[in-house]
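A short write-up of the structure that comes next.
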There are 2 protein chains.
Amino acid sequence: MNIPPDIESFVVHFGEMGSRWGFNRTVGQMFALIVLTEEALNADQIADALGISRGNVSMGLKELQSWRLVRTQPQPGDRKDYFRPNGTVWELAMQVLSERRKREVDPTLSVLRSELMNSQDEQNSYSHQKMREIHDLLELFIGWFDDIHKMSPENLKTLLKLGSGVGKVLDMKDRLLTKN
Amino acid sequence: MNIPPDIESFVVHFGEMGSRWGFNRTVGQMFALIVLTEEALNADQIADALGISRGNVSMGLKELQSWRLVRTQPQPGDRKDYFRPNGTVWELAMQVLSERRKREVDPTLSVLRSELMNSQDEQNSYSHQKMREIHDLLELFIGWFDDIHKMSPENLKTLLKLGSGVGKVLDMKDRLLTKN
DNA sequence: ACCAATTTTCAGAAATTTCTGAAATTATAA
DNA sequence: TTATAATTTCAGAAATTTCTGAAAATTGGT
């Protein structure tokens, strides 16, 4: 490995974290390296920095592109592909969240939907009831997430800072409206 | 495998999903089975239903208990351990989220904190700046999550249904307050 | 069209994770 | 205390995932 020392520990850590975030160790390291490096990097530079094979880098970059987390940036006078993060840290985080939603939640929802369809008989069975509860919870979550996802980073940050304080604002709204 | 046919496809699916949710196939199947079954189940019943070894069930139950997703329920006249979901579907979902936060976010935040501490020199380097951005984003998220987590299911459901509509409510509050 | 540079692919090797089942441990009851 | 029932442990086997590197495919320039 030949990572700049000031980012080494984070790059290594993010690799270890990798599997928990939905990709493998080297993909995690590659992502961290690209995000923390100001200059666009080509595949050979990445392979050298992380001490992994050229083939592995190629596969990893394909993976990161399928997540829309990196993009290529042409460098004048060089025909190699150079890679950059595909957006700000905020945008990357949102991108990870929606990609994970797509991979972790959507398939389950789709199984539940068809399961709840093909079983008119057992409408009232305990298991049917529980599957409906899970289904409704996932739908609620997805609706919320899609909605939230459209907001500007600024508004979203405000909302996050507010947290459960939103409850108080809702109360206040009611009080003000009934007064008028 | 010897799963009741009306839940088989979901149990199998949740097993396949397992790794994406932070546990392995059999742990995922065990969890789905326990949640969808009305009666408390003992380890032998689980092993038989899923067609896996007794030892594997023991390890899986330990894992599910470490996530606080299942608990034992003593059955009168039987000294085996019987297992039930540790709460409602809603509570289980919240539990999964906070456990994943603990495993996926907290370690990264802690690495970032110490990284940002031990480098007064490079305060202005690009990588330092990016690490701070990531750090601040994670802190914001965690603060929000902790806050949200305290809310009652009822209020939280309302909030989720509202989605980005909260923005409008905030605007309305401002307008009402300045009018008065 | 040809050549050289670059990227991708993929079969097999290496590493990691999961699973089994028999032995060890722990708990309960007589 | 002893016998029996139940659970846990863990070494090695099996399954799965990740990685390498050489060959194949693609790209771009002349």
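Remember, it's a predicted structure, so these values are computed and weren't measured experimentally. Residue numbers begin at 1 in each chain, while the letters A, B, ... track the order of the sequences.
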Tell me whether the side-chain N/O atoms of [X] come closer than 4.0 Å to OP1 or OP2 in [N].
X: N42(A); N: dT6(C); result: no
X: T26(A); N: dC19(D); result: yes
X: K62(B); N: dT7(D); result: no

May I ask whether V11(A) and Y126(B) are part of the same hydrophobic cluster, defined by side-chain heavy atoms of I, L, V, M, F, W, Y residues being less than 4.5 angstrom apart, directly or through others?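 Cluster IDs for V11(A) and Y126(B) differ.
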Provide, to the nearest angstrom, the distance between the [atom1] atom belonging to [X] and the [atom2] atom belonging to [N].
X: K80(A); N: dT27(D); atom1: NZ; atom2: P; result: 18 Å
X: L61(A); N: dT7(C); atom1: CG; atom2: C1'; result: 10 Å
X: E63(B); N: dT8(D); atom1: CD; atom2: P; result: 14 Å
X: N24(B); N: dC19(C); atom1: CG; atom2: C1'; result: 9 Å
X: E16(A); N: dT17(C); atom1: CD; atom2: C1'; result: 16 Å
X: L50(A); N: dT20(D); atom1: CG; atom2: P; result: 10 Å
X: I46(B); N: dA6(D); atom1: CD1; atom2: C1'; result: 14 Å

Answer yes or no: side-chain N or O of R79(A) and base N or O of dA5(C) forming a donor-acceptor pair under 3.5 Å.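 Looking at the base of dA5(C), it does pair with a donor or acceptor on the side chain of R79(A) (distance under 3.5 Å).
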Below 4.0 angstrom, N of the basic side chain to O of the carboxylate: do D136(B) and R132(B) qualify?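 Yes.
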Taking all non-hydrogen atoms of both residues into account, name the closest pair between S127(A) and L36(B) and its distance.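 Shortest heavy-atom separation between S127(A) and L36(B) comes out as CB-O, 3.5 Å.
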Return the 5'-most residue of the pair R54(B), N56(A) with respect to DNA chain D, ranking by each residue's nearest nucleotide.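 Result of the comparison: R54(B).
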Measure from the side chain of S53(B), starting at C-beta and using heavy atoms only, and say which of dT7(D), dT9(C), dG21(C) lies closest.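 Closest nucleotide among those given: dG21(C).
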N/O donor-acceptor pairs under 3.5 Å from side chains in residues 56-72 of chain A, not counting sequence neighbours:
unit_1 : atom_1 : unit_2 : atom_2 : d
E63(A) : OE2    : W67(A) : NE1    : 3.3
S66(A) : OG     : E63(A) : O      : 2.9

